[in-house]
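Order of the sequence lines fixes the chain letters, A, B, ..., with proteins taken first and strands second; residue numbering starts at 1 for each chain. Please read these numbers as outputs of a predicted model, since none were measured by experiment.
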Number of protein chains: 2
Amino acid sequence: MTRSTPPRARGRPGAADDADRRARILDVAIELFSRHGIAATSMSQITRAAHVAPALLHYYFGDRDRLVDTLVEERIAPAIGAIGAAVAAAPDAPRDIVRVFVRAMSEGVTAHPWFPPLWLREVLSEGGLLRDRLVGTFATPVARGLRDRFARAQAEGVIDARLDPRLLVVSLISLTLFPHAAAPVWRPLLEAGDVTSTMLAEHTIALLERALEPPR
Amino acid sequence: MTRSTPPRARGRPGAADDADRRARILDVAIELFSRHGIAATSMSQITRAAHVAPALLHYYFGDRDRLVDTLVEERIAPAIGAIGAAVAAAPDAPRDIVRVFVRAMSEGVTAHPWFPPLWLREVLSEGGLLRDRLVGTFATPVARGLRDRFARAQAEGVIDARLDPRLLVVSLISLTLFPHAAAPVWRPLLEAGDVTSTMLAEHTIALLERALEPPR
DNA sequence: CTTGAAATTGAATTGTCATTCAATTTAATA
DNA sequence: TATTAAATTGAATGACAATTCAATTTCAAG
């Protein structure tokens with residue numbers, strides 16, 4: 001493998017040279033973390049992909065751990081915040097909650113494709129390196145809010161009594177996050193190259209709306 | 001960190017000493033791979049957890065790659081095979097397919113808790129190290145079989161016309177695999193410590209059966 | 001202009017990892 | 001019992017990773 005960019009000269013680069021290396025390092029890092037997992041991605045891999053010297057990472061971020069902290073603050077937290085805000089603003093009818101959540105997730109994921117794999121690996125899988133940093137602050141209020149609203153709707157008789165409101169939250173997240181993360185596998189496998197993000201969202205909404213209805 | 005077992009003497013151990021190290025290495029390896037990801041797990045971590053010398057791994061399995069191959073052959077393939085067989089034997093009615101699949105998955109996962117995280121990370125996530133080894137041989141026939149049976153049922157009018165049979169397969173897998181892998185997160189978060197594997201399965205079956213029904 | 005701060009690099013350091021190898025001990029076979 | 005095969009280890013090797021540091025270059029402020 002030959003180096004694709006010529007080795008840069010030492011010293012501070014000229015202004016027009018190639019702007020905002022810091023942002024590019026963060027982009028490359030979150031991409032690699034999402035693709036290969038945080039623990040499996042070395043600093044060297046990041047520097048190679050971003051075409052910078054290893055020492056630059058340490059100049060900007062200190063060490064590995066603080067690089068991860070920075071990504072959480074500057075990239076991941078805002079992305080989750082947007083989804084949480086959309087759901088919080090939704091009306092109380094279960095159909096509306098479902099529709100708003102699915103669409104918000106669909107849009108968020110389109111804007112940030114690194115999100116589903118990263119969440120699967122680093123939050124949900126046991127031993128995930130982001131679990132502690134994200135669950136308490138970000139996931140808990142959204143999930144509990146959904147649970148409480150489903151429970152209230154069920155008490156009013158607008159949700160099938162056989163369903164558990166807590167598990168409904170799990171089902172909802174399963175149906176939105178998982179298909180996106182798994183798309184590279186099922187798309188070719190099920191000959192579903194034509195399925196767009198929107199089609200997926202509408203399928204999910206149709207499925208859930210029907211599932212929630214109480215019988216008769 | 002002090003060594004928890006005293007360093008073993010060199011040479012072949014006595015028969016009663018501590019049997020079947022090879023099997024124990026495989027157990028430990030699949031557990032660690034499931035918890036931390038394959039790429040993120042070092043041979044040394046495995047040897048430390050299994051209380052054997054690093055060289056023993058190479059004696060039994062050659063190198064890292066062949067250790068993974070061995071795990072696929074001896075542990076993962078049989079586990080998937082059992083689920084595939086159950087589904088293949090199910091009757092053609094969508095309700096039956098769903099019920100058999102969900103229950104088979106639930107039982108398989110109870111017997112092999114390493115399965116969901118490993119599948120999520122190493123098969124479904126982009127860059128997963130098991131994708132190529134598992135998708136073609138194992139996942140494809142099961143997934144396409146399900147799709148075709150759903151499509152036929154839909155043509156006969158027993159499945160809601162708004163649902164896409166291909167995405168139904170995705171939904172089905174999402175609803176079975178994901179909740180198990182994510183359980184360590186949602187259980188405390190949603191105060192669902194009382195939810196058993198069976199309750200989860202029955203919730204999922206109820207949800208899907210209702211969702212499949214054509215309206216009116 | 002001069003000077004100091006910012007951005008960037010190559011090289012050095014220290015640790016860990018995968019893999020190999022010879023030595024050692026026990027089991028199985030003849 | 002003698003001999004060979006199997007199972008296991010400690011130690012050595014070479015690659016690569018994380019981190020530090022001094023040197024270099026450019027920008028910004030005076």
For this session: Using the salt bridge (Lys or Arg N to Asp or Glu O under 4.0 Å) rule, take A:Arg35 and A:Glu31 through it: C-alpha gap first, then chi angles, then the decisive distance, then the call.
Result: CA-CA 6 Å; A:Arg35 268 231 267 280; A:Glu31 171 77 15; 2.6 Å; yes
For this session: Please test B:Arg66 against B:Asp69 for salt bridge (Lys or Arg N to Asp or Glu O under 4.0 Å), starting from the C-alpha separation and ending with a verdict.
Result: CA-CA 5 Å; B:Arg66 265 178 296 161; B:Asp69 287 338; over 6 Å; no
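The shortest side-chain heavy-atom distance between A:Phe150 and A:Leu172 falls under the 4.5 Å cut-off. Looking at heavy atoms from C-beta onward, B:Tyr60 lies out of side-chain contact with B:Leu26 at the 4.5 angstrom threshold. Here the side chains of B:His51 and B:Arg21 are not in contact, with every heavy-atom distance at 4.5 Å or above.
Regarding B:Asp63, its CG atom lies at a distance of 17 Å from the P atom of C:dC17, rounded to whole Å. If you measure from atom CZ of A:Arg64 to atom C1' of D:dT20, you get 18 Å, rounded to the nearest angstrom. Between A:Arg48 atom CZ and D:dA15 atom C1' there is a gap of 12 Å when expressed in whole angstrom units. Rounded to an integer number of Å, the gap from CG of A:Leu57 to P of D:dA18 is 9 Å. The interatomic distance linking B:His58 (NE2) with C:dA22 (P) rounds to 16 Å, in whole Å. Here D:dT20 presents its P atom at 15 Å from CZ of A:Phe61, a figure rounded to the nearest Å. If you take CZ of A:Arg22 and C1' of C:dA6, they are 14 Å apart, rounded to a whole angstrom. If you take CG of A:Leu56 and P of D:dT24, they are 19 Å apart, rounded to a whole angstrom.
Side-chain nitrogen and oxygen atoms of B:Tyr60 include at least one within less than 4.0 Å of the OP1 or OP2 phosphate oxygen of D:dT8. Contact annotation: B:Tyr59 does not reach the phosphate of D:dT8 (side-chain N/O to OP1 or OP2, under 4.0 Å). Contact annotation: B:Arg21 does not reach the phosphate of D:dA7 (side-chain N/O to OP1 or OP2, under 4.0 Å).
Listed nucleotides: D:dT8, C:dT9, C:dC17. Nearest to the side chain of A:Ala53: C:dT9. Side-chain proximity of A:Ser42 to C:dT19, D:dA17, D:dT9: nearest is D:dA17.
Each of A:Ala55 and A:Ser44 has a nearest nucleotide on DNA chain D; the 5'-most of these lies closest to A:Ser44.
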